[in-house]
Amino acid sequence: MRKEVIGPFQLFAMIVLFELGTAVVVPIGLESGHAVWISILVALPGGILLFMLYTYLYRQFPDLVISGYTRKILGKWIGWPLSLLYLPVLTYNGGRNLREAGDLLISSSYDRTPIFIINSIMIIAVMYILYQGIEVFSRTSEIYFWLIVIMGMISNFVVIIAGLVQFKNLFPVHPGEWIEVYKSAYPNIWIFPYGELVCFTAVLPHFKTKNKIGRTGAGAITLSALMLSFTHAIEMSVLGPDIYSRTTFPMFTMITLVNVANFLQRLDALVILTLIIGVFFKMSIYCYAAVSITADLFHVKEPRKLVIPVCSVVLYSSFVSAENYPVHMNDGKVFLENILPFLCAVIPVLLFVVHLVRRRFGWYR
Amino acid sequence: MKSRLALLLAVCISCSLVLSGCWNSRELNELAIVSGIGIDSLDGKPGYRVTFQIINPSSSSQTMGSTSNQPPIVIVSATDRTIFGALRKASRRATRQLFFAHTQLVIIGESLARTGVTSIFDIFERSHELRLNSAVLVSKDTDAASVLKLLTTLETLPSMGLLKKMQNTSQVWGENRRVTVFEVINGITGASDFTINGVQIVGDVVEGQKKSSLEQSDPMVGSLMSGLGVFKEGQLIGWLNGPESRGTQWMLNKLNETNVNVDSPDTEEDIAVNIFYSKTRVKVELQDGKPVFHVHIAEEGIINETGGFVDLSKEKELEALEQGIEQKTADEVRQAFEAAQKMKTDIFNLGNELKRIHPDQWEKVKQDWSSAFAEGELDLRVEAFIRSTGMRLKPYIPAKK
């Protein structure tokens, strides 16, 4: 079988969609209050640095996913169990994204539909596209990138011309608040959404133009950071820090306020679509990463066969992970602070250091 | 091959069942669309009487002409400890499920407003059907239910009529403004207090519920936008009327357009100036522990009518008129400010402004902001410009000898 390849723009689109994913619809970095948009920008350099780390490791081992070079660098006996840790985290986090989307859809419009039905429909779409392969997936993301950009522009434009934006909700930022800005940027926003790019270690081996990787990645991350920051700034300026901090779905609340000349109103569908598209891509990449790491660890010849089992696990974990949305959010906080940084930052840094040391002293056979 | 075809068919059928989105379906003819909600207190007892104004589709459609003789709306009400409870209890009287996505108006009865409105609005935030941008009114001297029951002329739907009345008057006269649920919630959570529009009934309430009341050119009853209700800690404590309420709007920078009558050289208040632009800038700071409010108003107007002779071609005369406008505006704003100080309520968002710009100073006064506000000083500056005198310069009216 021919190796599947992705081009630079396709990777670019995938990263942007992945970053926007859920981060654009849920409130992030609550600690920094009305300056959340600055936090997002402050966390950007850290995010790019992290991605550079992943690309460095990728350049060293261009054909391997993260579990592959973990075993190369740390040896089979440490590397294998360490890579195994990625599986529960990836499936759990994929499940979390699914759960979040399901819960938000139910509380915003599908109040009578069971969450099982909504989540199953979404996961079936993910199964289908992953079964078609990463190449099909990347081409899809190319199309949806434009769709998301256009919808984002329409929603933001409409909110602005409706005269809802009040810049006094964003300024001034007082000296004491800068500390909080920094605190919520590192590690929280740095890990979610930037650190989650660790999933792309499973996608990168398919990238065909190796020398363009740095530029593509950094560009995509910067663009998505700007979009995120802008959207959250608009949300904050419309809703004010009080409502923003209490709402579960700020973007939806914001769009319901739109009323342009008693004619342009109820644009909820745009936001719901943004949510569904974002979550679809984010979850697919999580599932894909889980599939390829599993295939690598257990030497499965055809990763496709793993799509249905892995996605079923994701679907299952989306239910059993939490009883209700508040529990889900609290779990998320613990997960984000204690587990995710370990896999997104600590292990890659460890690999990087060990790899440098081993290469320096020629300890590779 | 055959089994694959069967599988494909099964997938197609199951998809068409699930993906059509019928799980959540509600048919239009099974819904009762609520256009307005009225909330009243139950004399002393905890709980609410909630009144729903439901659109009667067969008699409110305009294309068909009034086919039936029913009124365009139906009123249903229910009492319960919570608003949602009342809304579900109302099903005992309604033939269809109440549907709230098109609710444009929320009316609060005066007696409920006096006991407090803080807990009413949670359902508007939490529900995905009710909208945060529905307008809020307080019914003055009457309960909310009677306002909802009134039929209106020109507009078939009474809540639409009230809404348009409110928008119209805030657009051209400026004593009222469209206050939404969103603004009220921000007012409750913010550091300052807030105001809500008042609505009043003039005429016989009982007659106004009948369609026959509309069958004469001068309707027997009508509703009237009347002043701003002042809320302190979520409770209605008083009303601002006339110049006081317009002064409030001026201070809040919510004035679109209005009319100011200024004195001509001979007569009092006989020149009508249409103010079509007004911009208010507010700065708040503490000086020696006392808040000082720097308010700067810039306004532009057109002379629309003169009652006596004034030589509008002369720059000097115009300057005198501009000064007259400044004087009138400052008077109204001062009246509003003094009324608010007397009630010890900061309805001008000044506390929020201080908190935003000088959080350290805010810490000092936040314990007792309302008394600090009451002792605050107003530093008011008004600049008025006359941009045009209409189609004529000098009036035809001869100058007095």
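Chain letters run A, B, ... following the sequence lines, proteins first, then strands; residues in each count from 1. These figures come from a predicted structure and were not determined experimentally.
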### Task
Start with the C-alpha distance between B/Leu132 and A/Thr253, add both sets of side-chain angles, then the distance that settles side-chain contact (heavy atoms from CB on, under 4.5 Å), and finish with yes or no.
CA-CA 8 Å; B/Leu132 279 176; A/Thr253 310; 3.6 Å; yes

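With a 4.5 Å cut-off on non-hydrogen atoms, A/Asp111 touches chain B through its backbone and its side chain both. Using a 4.5 Å cut-off between heavy atoms, B/Arg131 contacts chain A through its side chain alone, with no backbone atom that close. With a 4.5 Å cut-off on non-hydrogen atoms, A/Leu239 touches chain B through its backbone and its side chain both.
Rounded to the nearest 0.5 Å, atoms CZ (A/Phe249) and NE2 (B/His128) are 12.0 Å apart. To the nearest 0.5 Å, atoms CD1 (A/Ile243) and CZ (B/Phe182) are separated by 4.5 Å.
Inspection of non-hydrogen atoms places A/Lys168, A/Phe171, A/Pro172, A/His174 of residues 166-179 of chain A under 4.5 Å from chain B. Heavy-atom proximity under 4.5 angstrom to chain B picks out A/Ser107, A/Ser108 from residues 100-108 of chain A.
The residue among A/Ile124, A/Asn259, A/Leu257 with the most heavy atom pairs within less than 4.5 Å of chain B is A/Leu257. Counting heavy-atom pairs closer than 4.5 Å to chain B, the top-ranked of the candidates A/Pro114, A/Ser120, A/Gly240 is A/Pro114.
With sequence neighbours excluded, the residues that form a ring pair (Phe, Tyr, Trp, His ring centres under 6.0 Å) with A/Tyr144 are A/Phe281.
Pairs passing the salt bridge (charged side-chain N to carboxylate O under 4.0 Å, His left out) check and including a residue from residues 176-194 of chain B, sequence neighbours excluded, read B/Arg177-B/Glu183.
Using modelled atom types, no side-chain atom of A/Asp242 and backbone atom of B/Thr189 make a donor-acceptor pair closer than 3.5 Å.
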